[in-house]
Amino acid sequence: MPKLDSLPAKFDFPAAERDARRFWEESEIFQKSLEQRRSENAEHFVFYEGPPTANGLPHPGHCLTRVMKDLFPRYQTMCGKLVERKAGWDTHGLPVEVEVCKELGIHTKEEIEAYGVERFVKLCIESVFRYTREWEELTNRLGFWVNLDEAYVTFHQSYVESVWWGLKTLYERDLLYQGHKVVWWWAQGGTALSQGEVGEGYRDVDDPSIYVRFPLVDGPDAFEGRTSLLVWTTTPWTLVSNHFAAVHPEIEYALCDEGDDGEERLWVAKDLVEALAKKTKRKLTVVRTCKGADLLGLRYEPPFPGVYYGEMGERTAKLKRVPEEASGLAGGGATELPIGWRVLAADFVTIDAGSGLVHEAPAFGEVDFDLLQQERARFEAFDAIPLLCAVKPDGSFSDDAPPAYRGRWVKEADKDITRELKDRGLLVHHEVYHHPYPFCPRAEDDALIQYARKSWFVRTSAFKDEFLRNNAGIKWLPEHIRDGRFGDFLRNNVDWALSRERFWGTPLPIWRCEATGKMEAAGCYDELLAKPDVAGTEVWDAAKAADPDLPDHLRVHKPYIDAVTYASPFADGARMRRVPEVIDCWWDAGSMPFAQWGFPHVEGSIDTFKWAFPANFISEALDQTRGWFYGLLAISTLLFGETRDDAKLPAPDLPRPETAFPYNACIVLGLLLGEDRLKMSKRTKNYREPTYIFDQLGADAMRWYFFSAQTPWTGVVFQEKAIQEAQREFLVRLQNVWNFYVLNANGDNDQFDPGSHDGARKGTGWRAPGERSELDRWILGELHRTTRDVRAALDRFENFPAAGHLNDFVDALSNWYLRRSRDRFWRSEKDQDKWDAYNTIHEVLVATAKLIAPFTPFFAESVYQNLVRSAGLGNAGAPESVHLCDYPTADESLIDDRLATEMDLVRQVVSAGRAARTGAKLRVRQPLQRCEVILGRKEHAEWLGRHAELIGAELNIREVELTTAGEEYVTYSIKANFKALGPRFGKKVQAVAKAVAALDAAEARRSLGEAGAVEVEVDGAKESLSGDEVEVRLDAKPGWSAAQARGAVVVVSTELTDELRTEGLLNEVVHHVQGMRKDAALDYNARIKLFVETDDELWTVVDGGRAAIEAECQVDAIERAAAPGGEPKSVKIEGHATKLAIAVV
RNA sequence: GGGCUCAUAGCUCAGUUGGUUAGAGCGCAUCCCUGAUAAGGAUGAGGUCGCUAGUUCGAAUCUAGCUGGGCCCA
């Protein structure tokens, strides 16, 4: 009975993966891999799963992320750590609502309310889990080991309550406040969009670009006509709400006569006069110029004076009493100023486009709003200046606007507004402006507008320095993220706009007194229930009674939570009602370090949090920089950072990590591109579905491709072909070695027994590695070197070099060790050398299976099960799975650098020998008499000499001679080694190099050989250079068939004797016959008859070589005759026209 | 418009702290092996390292500018 289970004729990767998956599942290997470390009380290696939003099908990009998240936890587990892996799902947010709206065919907030928030929210829950099965399937098929059964879910009550706890803590520390914010507003949907969402929706569009006259109502320049500011805007609809005009204080402005009729004058930026004259086809004559600062305070009449100006145009307000010199603003001497329609200074004004004067409608622009805030701050009463806004939240003009526009979508009104201005003589120029403008990424026809909303903020900007300190300790891969993209974002931190005016999200846990407006925060549901005179919980109870399937988690969501009120502690008889907002779902995700455990409410969660924070490792794609990576850092820093308030924490002895917080290492993955180098798109289908790849090639192929093909932060083009290639290069090659071993070990002749896994029963003929042949010691050395290097790389989170080491090792194993060892397996004697070979390859393959286990877990399992767990081995005590094994450790004593160098040299020499043959057009089939290997240094000569036979065999050359004296065939040259000489000589290095080059190379070589040094004269001083500081090169002299390797030249003798020629011819015949056997798909052992038609000369050769041909090709008889049936094969053998035919006996 | 990042062979990508002959795989060409066989292997051709200037004894590598792509933000 064979010891090892036999392998299928053709290894089917996808099928083997199915088997492995079933085995893991049935035997609960993942659970055991954790249990094993728990029972050892092992140290934790903390991994955080960034929760994917499961509301779409996973694509290849998700595979990259999940595969990276799998590699390091698997590796650390095998290294003895306990790596708990809790899955998570991000379930809240606008994307979910939009998905549901699409199904319902509705659009706006009003429509959602009409549909019913209760029903709507229920659909949101259902929507979230629609694709979960696909995600779990993907996770399984990829071999991503993560605990899906106990996944955290952001809408679960325990999670929501954790987030509430965090928010309450911040509220009580005065870090959560309400303010205004100009947001990108999706009017049709009635919501603000996050930066990320806005970024997704930019499209190039044509917008109007208009130049409008703002006539001055007073001014220093006496002029009988009309003097106006020429103001530029690309949003005509905002002119209705115009409040100010802005100039840059440092820019030079020019007052120009418009035409010659003396009726109109314009103020524009001086540098733009010429361009504007050309553009507007007007004659502009500069009257005088001045700095923008000199224009400040000028008053004008806005384009729609009937709107606000008519009522408020003359109104003034008291300024704060600021010393004139400190105000820095014109008008500092005044005590009162008009509340609008005058010129302000703004640094953001440029002359890159427009007129150099900008129209300000603070409600519709972030910078404009900031300018308003700055202006407001000058007045005694902050609200002396109102926020003018003639637009309703649904994006239509309000009743403040002129009647012609009321109720119309603002963007749609642009044209009519422009026309009206033209009719009224205010429009100076109108053109089309092509620029990127954001649209709603969920409803692509809806343009977004900037719009001021009330909003809740978290005071993150106060923690900027602490963010930066924590960031400095994080190991970012690639490194530039830390100070580049992420650091940059942190340095420009602004307060986190937390609230969303939506339905499906974590409700903001703030209750407001209806009488006084005073507020307080709730930290959990029970806390709320404990409030005085609680009412409204019956709404939930009724809903639950009506629909018992309703998930209990919904009780902390809208609309049920909104019904909960209690008696106000601030005013007798008043009620506390919740504010309407929900929060940004990024805040949910960023809260996961504690919320995933239900901290601090859930029993045991505080203890869990103590070991599970901070994370040792996280990884997501580049687009998460300002999303999850930031969320984690910000929230953890605010709650648990250096400046935290221990009095507000449930356990004051919580860890307070000094650095690397809240994650030690973060791999930032590049974004995958489709085969056309564009972003992956479902529409254009420019990528292969993950499942297709799994079915065709297997998950390991994809995994290996991601790990080995490039650094993970490279934005890589995802191609099926490349995956196939990666599989062939590594997995198929390794599979071949494995297959070869099993085939031979189980062979009738050998029946090799590899022994038991723990070495208690040794393999057949086992002896210690040190006693084995050089080749065995070499491959074992390579194995241990690889082990050392792979571990070092993985410890640094560098998968790419690690995969590279493994790839090189498998290449060496297959293309040198096995290739050179084949004879040892095939020979009929069962001698020690044979058993050494078997033991070596067995040990190497078992170790390799463990080494690759974190990378390609399925294939590693197949190999391991076969080599260690085959029934015939009686190895019941071995770990059940390769994933329950410890990761191999390197035995430094087995790494022999000298042997590695020498083996490398042999391979080089063989390679050079082949090149020499190719150069002489002498195919390897043609035996040659001799070659000479000329070595640059003699230190390897002796060792290499012992391998002359091997070299001869590889090259089909009978005599191989080694020499260091090859003047006959080579010339020497000597060159400086700059790397060694540079640091020693600095500027003088070029002079030294010149002196070295001038040396007699042969002489210098002799000197180096004898004295170990050579002398040169530089600038009159003698310098002694060692062998490492110069490089002696060998160059083959022309006329010889020679080729160069590093440190050696191989010269082959091209002389052919009759005997050599005859043997070459015989080889040609054998070659053709073997080819025909293969073409005919004959069995290895099939006996044949050979029919040859040829000239006398070649027949003599064939006749004389009968024995060789018959032995090589399983031929029973050779006849000089035409084939009895079928077409013979016509070939030319070294010019001899020949017809060959074979017939099975 | 701003920040970050990238540009190396026909293609996909490596290139460690600057060191003087810039690598791999695929593809291509030529060839080998025919008992790992619907596999395996070898050799070769192919590059002014995006452009320009600078720093340096020495630049694919460092600096600045430019050109072009990507991402993020306006």
Side-chain angles (χ1 to χ4, degrees), chain A residues 9-10 195-196 198-199 202 348 350 352-353 366-367 435-436 438 478 480-481 483-489 491-492 621-623 625-626 670-671 673 677-679 708-711 713-719 721-722 724-726 728-729 732-733 735-744 747 800-801 804 807-808 811 814-816 818-819 822 825-826 910-919 921-925 954-956 975-983 985-993 1031 1033 1043-1044 1046 1070-1071 1073-1079 1081 1084-1085 1112-1114:
Chain A
K10 172 109 176 104
Q195 290 175 342
V198 175
Y202 274 90
F348 55 78
T350 69
D352 295 338
E366 203 173 346
V367 290
H435 68 148
H480 60 71
I481 298 285
D483 297 318
R485 185 177 289 230
F486 196 62
D488 200 50
F489 180 60
R491 279 187 290 276
N492 296 315
L622 184 65
D623 53 3
T625 312
R626 291 164 187 227
L671 299 164
L673 301 175
R677 299 198 64 101
L678 297 172
K679 207 172 161 174
S708 68
Q710 60 277 312
T711 52
W713 45 86
T714 304
V716 68
V717 179
F718 183 79
Q719 301 176 99
K721 210 182 72 181
Q724 207 168 354
E725 211 173 275
R728 233 196 348 258
E729 282 298 306
V732 171
R733 189 176 279 170
Q735 200 278 324
N736 276 322
V737 176
W738 171 35
N739 188 47
F740 178 93
Y741 161 62
V742 172
L743 222 55
N744 285 284
F800 179 64
N807 209 29
D808 291 346
D811 180 65
S814 170
N815 293 334
W816 193 249
L818 194 69
R819 184 180 156 78
R822 280 188 290 198
F825 297 105
W826 291 339
V910 168
S911 171
R914 288 202 181 97
R917 293 194 70 118
T918 305
K921 294 206 189 311
L922 287 166
R923 53 188 59 157
V924 181
R925 270 200 295 275
E954 283 284 320
L955 295 176
N956 196 15
K975 216 171 147 292
N977 176 1
F978 283 89
K979 189 157 190 175
L981 292 175
F985 290 103
K987 291 198 178 197
K988 271 170 69 184
V989 74
Q990 299 297 0
V992 174
E1031 193 183 339
R1033 286 192 186 150
Q1044 201 149 332
R1046 228 179 322 130
V1070 168
H1071 163 70
V1073 174
Q1074 298 285 32
M1076 290 166 74
R1077 287 186 66 106
K1078 190 177 178 185
D1079 290 343
Y1084 294 143
N1085 301 314
E1112 288 268 339
C1113 308
Q1114 265 78 255

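The sequence lines fix the lettering, A, B, ..., with proteins before strands; numbering per chain opens at 1. Here the structure is a predicted model, which is why all the values come from computation and not from measurement.
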Watson-Crick or G-U wobble partner for [N], using a 3.5 Å limit on both distances?
N: B/U61; result: none
N: B/G50; result: B/C66
N: B/G40; result: B/C32
N: B/C11; result: B/G25

Assign [X] to base, sugar-phosphate, or nothing according to its heavy-atom contacts below 4.0 angstrom with the strands shown.
X: A/Gln735; answer: nothing
X: A/Phe985; answer: nothing
X: A/Val910; answer: nothing

Does [X] make a side-chain N or O approach to OP1 or OP2 of [N] shorter than 4.0 Å?
X: A/Thr711; N: B/G15; answer: no
X: A/Arg819; N: B/C33; answer: no
X: A/Arg485; N: B/C71; answer: no
X: A/Lys975; N: B/U21; answer: yes
X: A/Arg923; N: B/C32; answer: yes
X: A/Asn739; N: B/A36; answer: no
X: A/Arg925; N: B/C33; answer: yes
X: A/His1071; N: B/U34; answer: no

[N] to [M] separation - [atom1] atoms, rounded to the nearest Å:
N: B/G35; M: B/C49; atom1: C1'; value: 46 Å
N: B/A9; M: B/G23; atom1: C1'; value: 10 Å
N: B/A36; M: B/G47; atom1: C1'; value: 36 Å
N: B/U12; M: B/G27; atom1: C1'; value: 11 Å
N: B/U8; M: B/A22; atom1: C1'; value: 8 Å
N: B/G19; M: B/A38; atom1: C1'; value: 49 Å
N: B/G10; M: B/C66; atom1: C1'; value: 27 Å
N: B/A7; M: B/U16; atom1: P; value: 12 Å

Roughly, in whole Å, what's the span from CG in A/Leu622 to C1' in B/U5?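 These atoms are roughly 9 Å apart.
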Distance in angstrom units between A/Asn815 CG and B/G25 C1', rounded: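 My rounded result for the distance is 14 Å.
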Let's see if you can work this out: which of B/A14, B/U5, B/C57 has an atom nearest to the side-chain heavy atoms of A/His480?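 Of B/A14, B/U5, B/C57, B/U5 is nearest to the side chain of A/His480.
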A/Gln1114 side chain: which of B/U37, B/C71, B/G35 is closest?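 Given the options B/U37, B/C71, B/G35, the side chain of A/Gln1114 is closest to B/G35.
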Report the relative orientation of the aromatic rings in A/Phe825 and A/Phe740; use parallel for angles under 30°, tilted for 30 to 60°, perpendicular for over 60°.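 A/Phe825 vs A/Phe740 ring planes: perpendicular.
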Electrostatic pair A/Arg819:A/Glu954 at N-O distance under 4.0 angstrom: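 Looking at A/Glu954 together with A/Arg819, the answer is yes, because their closest N to O distance falls below 4.0 Å.
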Ion pair A/Glu725/A/Lys721, N-O distance below 4.0 Å: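 Salt bridge flag = no for A/Lys721 with A/Glu725.
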Residue whose closest nucleotide on RNA chain B lies nearer the 5' end, A/Lys987 versus A/Ala722: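 Mapping each residue to its closest nucleotide by heavy atoms, the 5'-most match is A/Ala722.
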Where each residue is assigned the nucleotide of RNA chain B containing its nearest heavy atom, which of A/Phe978 and A/Arg914 is assigned the position nearer the 5′ end?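 Looking at the nearest nucleotide for each, A/Phe978 comes out on the 5' side.
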